[in-house]
Amino acid sequence: MSKLKWKRFPYSDDAYSYEGAALEKNWPRLHAGDREPFPEDERVQDAWRAYHRGDFETAARQGEVLGALGANVAAKAINIYASYLVEDREDKIALFQRAAALAESLQQSDNANAWYLHAQALGRYSQCISVAKALAQGLGGKIKHALETALRLEKRHADAHIALGAYHAEVVDKIGGMIASLTYGASKEAAVKHFEEALKLNPTSAIARMEYANALAMLFGAPKLKQATALYEEAAKCVPADAMERLDVEAAKAELAG
């Protein structure tokens, strides 16, 4: 990470500045997807402020310095930055590996997001190297276990439901329904169920709609393209509360324009 030249968040961050008491006041909305507890330590609060305004480099560095206290904010900042703002494949892979290591360091605790963020990093890493190759390396089972553990620890974790929905869809798409079911317990029905639950838990989520739309197109093709397009249109109209959500909304708009 020290050699990586971090890019600036490409949109004005004034609207996503949560100084002072504003962070705690808006915390339930900002973390409706991941259910992260509000941190008591002011240094961790500052790292989250950096994350929400789109200063992912500062969030990552401040979080890493704090060790276990800041591992979640550091891992999430790295995951989101690498997912949206890094183009080089090798840089992406290195960042996702770093985020995975940060999250994994907390997995001996009952920290639901440590499990979720580990799965998120491994999932994005898998997409970089190809899902088929990742399955061959045994990452599929690790991702599923991490997400199911996150949901066991926090049943209202909408983002874990999104990730599990995407997991089921990707596995079925890559190896077929029968083998996916027998080998990984993956199915089209489970994918849809997880996405629907995610939207119930976090109805403001743009990324839930986008991932759901991608899964519908992937699993069902033409019969579900109208529904998938409608989901993208809904995502593009979502009102972002922070930098991550702004990146989601802009990605939805770009997909529709393309």
query: Going through the checks in order, is the ring pair (Phe, Tyr, Trp, His ring centres under 6.0 Å) test met by F9 and Y11?
result: CA-CA 6 Å; F9 178 63; Y11 307 102; 5.6 Å; yes
D159 vs R35, test: salt bridge (Lys or Arg N to Asp or Glu O under 4.0 Å). Steps then yes/no.
CA-CA 9 Å; D159 289 349; R35 307 284 292 178; over 6 Å; no
Query raised in the report: What's the verdict on side chain to side chain contact (heavy atoms under 4.5 Å, CB included) for F220 and L225, showing C-alpha distance, side-chain angles and the deciding distance?
Result: CA-CA 8 Å; F220 302 101; L225 289 184; over 6 Å; no
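- A donor-acceptor pair is defined here as one N or O able to donate and one able to accept, closer than 3.5 Å; such a pair exists between the side chain of R209 and the backbone of P203.
- Residues A198 and A158 approach most closely at CB-O, 3.6 Å, considering heavy atoms.
- For E90, the CD atom sits in a packed shell: over 12 heavy atoms of surrounding residues, nucleotides or ligands are nearer than 6.0 Å.
- Less than 6.0 angstrom separates the ring centroid of H52 from the ring centroid of H31.
- Heavy-atom minimum distance, A60 versus A77: N-CB, 4.0 Å.
- In this structure, E196 and V192 have side chains that are in contact, with non-hydrogen atoms separated by less than 4.5 Å.
- Not one N or O on the side chain of E104 forms a donor-acceptor pair closer than 3.5 Å with the backbone of H118.
- Contact between A191 and G165 at its shortest, heavy atoms only, is CB-O, 3.5 Å.
- Summarising the geometry, atom CG belonging to L106 is positioned 5.5 Å from atom CG belonging to N111; distances are rounded to the nearest 0.5 Å.
- To the nearest 0.5 Å, atoms CG (N72) and CG (L66) are separated by 12.0 Å.
- Without hydrogens or angle criteria, R49 side chain to S17 main chain gives no donor-acceptor distance under 3.5 Å.
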Note to self: Before you tell me yes or no, could you show the steps for K76 and I80 under side chain to side chain contact (heavy atoms under 4.5 Å, CB included), namely the whole-Å CA-CA distance, both residues' side-chain angles and the distance that decides it to 0.1 Å?
What the structure shows: CA-CA 6 Å; K76 189 163 188 177; I80 298 305; 4.3 Å; yes
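- A tilted orientation is assigned to the rings of Y116 and H157, their planes being inclined by 30° to 60°.
- A pairwise comparison of heavy atoms in K188 and L219 identifies NZ-O, 3.3 Å as the closest pair.
- Side-chain atoms of L30 and L23, non-hydrogen and from C-beta on, do get closer than 4.5 Å to each other.
- Between W27 and P39, some side-chain heavy-atom pair lies under the 4.5 Å cut-off.
- A salt bridge does not link R152 with E148: none of the charged nitrogens is closer than 4.0 Å to a carboxylate oxygen.
- For the atom pair CD1 of I162 and CD of E211, the computed distance is 7.5 Å after rounding to the nearest 0.5 Å.
- For L102 against A71, the heavy-atom pair with the smallest separation is O-CB, 3.9 Å.
- D91 places none of its side-chain heavy atoms less than 4.5 Å from the side chain of I93.
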Run the side chain to side chain contact (heavy atoms under 4.5 Å, CB included) test on F56 and K7 for me, step by step, so that the C-alpha distance in whole Å, both residues' side-chain angles and the decisive distance to 0.1 Å come before the verdict. CA-CA 9 Å; F56 299 117; K7 297 179 182 177; over 6 Å; no
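- Within 6.0 Å of atom CG in D110, 12 or fewer heavy atoms from other residues, nucleotides or ligands are found, so the atom counts as exposed in its surroundings.
- Between the NE2 atom of H168 and the CG atom of D173 there is a distance of 14.5 Å, given to the nearest 0.5 Å.
- The CZ atom of F195 sits 10.0 Å away from the CG atom of L231 when rounded to the nearest 0.5 Å.
- Cluster annotation: V65 is not connected to V44 through the hydrophobic network of ILVMFWY side chains, with a link wherever side-chain heavy atoms come within less than 4.5 Å.
- At least one donor-acceptor pair under 3.5 Å links the side chain of E154 to the backbone N or O of R156.
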- [ ] Please assess R29 against T204 for the test side chain to side chain contact (heavy atoms under 4.5 Å, CB included), listing each intermediate value before the final yes or no.
- [x] CA-CA 9 Å; R29 168 63 181 84; T204 65; 3.6 Å; yes
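- In the hydrophobic clustering of this structure, L147 does not group with W115; members are Ile, Leu, Val, Met, Phe, Trp, Tyr whose side-chain heavy atoms approach within less than 4.5 Å, directly or through other members.
- In this model, no donor atom of one side chain and acceptor atom of the other lie less than 3.5 Å apart for Y81 and D55.
- Hydrophobic clustering (side-chain heavy atoms under 4.5 Å, transitive across Ile, Leu, Val, Met, Phe, Trp, Tyr) keeps L201 apart from L151.
- Taking each heavy atom of A114 and Q107 in turn, the nearest pair found is O-NE2, 3.8 Å.
- Between P240 and D248, the closest side-chain pair of non-hydrogen atoms is not below 4.5 Å.
- For the pair K92/Y125, no side-chain contact is recorded, criterion being any heavy-atom separation below 4.5 Å from C-beta on.
- In this structure, the separation between OH on Y18 and CG on N26 is 5.0 Å, given to the nearest 0.5 Å.
- Under the salt bridge (Lys or Arg N to Asp or Glu O under 4.0 Å) criterion, K174 pairs with E170, sequence neighbours left out.
- Counting only heavy atoms from C-beta outward, the side chains of Y167 and V172 never approach each other to under 4.5 Å.
- For CD of E42, the number of neighbouring non-hydrogen atoms (other residues, nucleotides, ligands) closer than 6.0 Å is 12 at most.
- Within the 4.5 Å cutoff, side-chain heavy atoms of W6 are placed close to those of R61.
- For the side chain to side chain donor-acceptor pair (under 3.5 Å) test with H161, the passing option among H194, K155, K193 is H194; the others fail.
- Applying the side chain to side chain contact (heavy atoms under 4.5 Å, CB included) criterion to S83, with sequence neighbours excluded, gives F96, R124.
- By the rule that hydrophobic residues join a cluster once side-chain heavy atoms approach within less than 4.5 Å of another member, V73 and L247 end up as members of one cluster.
- When hydrophobic clusters are built by joining Ile, Leu, Val, Met, Phe, Trp and Tyr residues whose side-chain heavy atoms come closer than 4.5 Å, directly or via intermediates, M210 is not grouped with V249.
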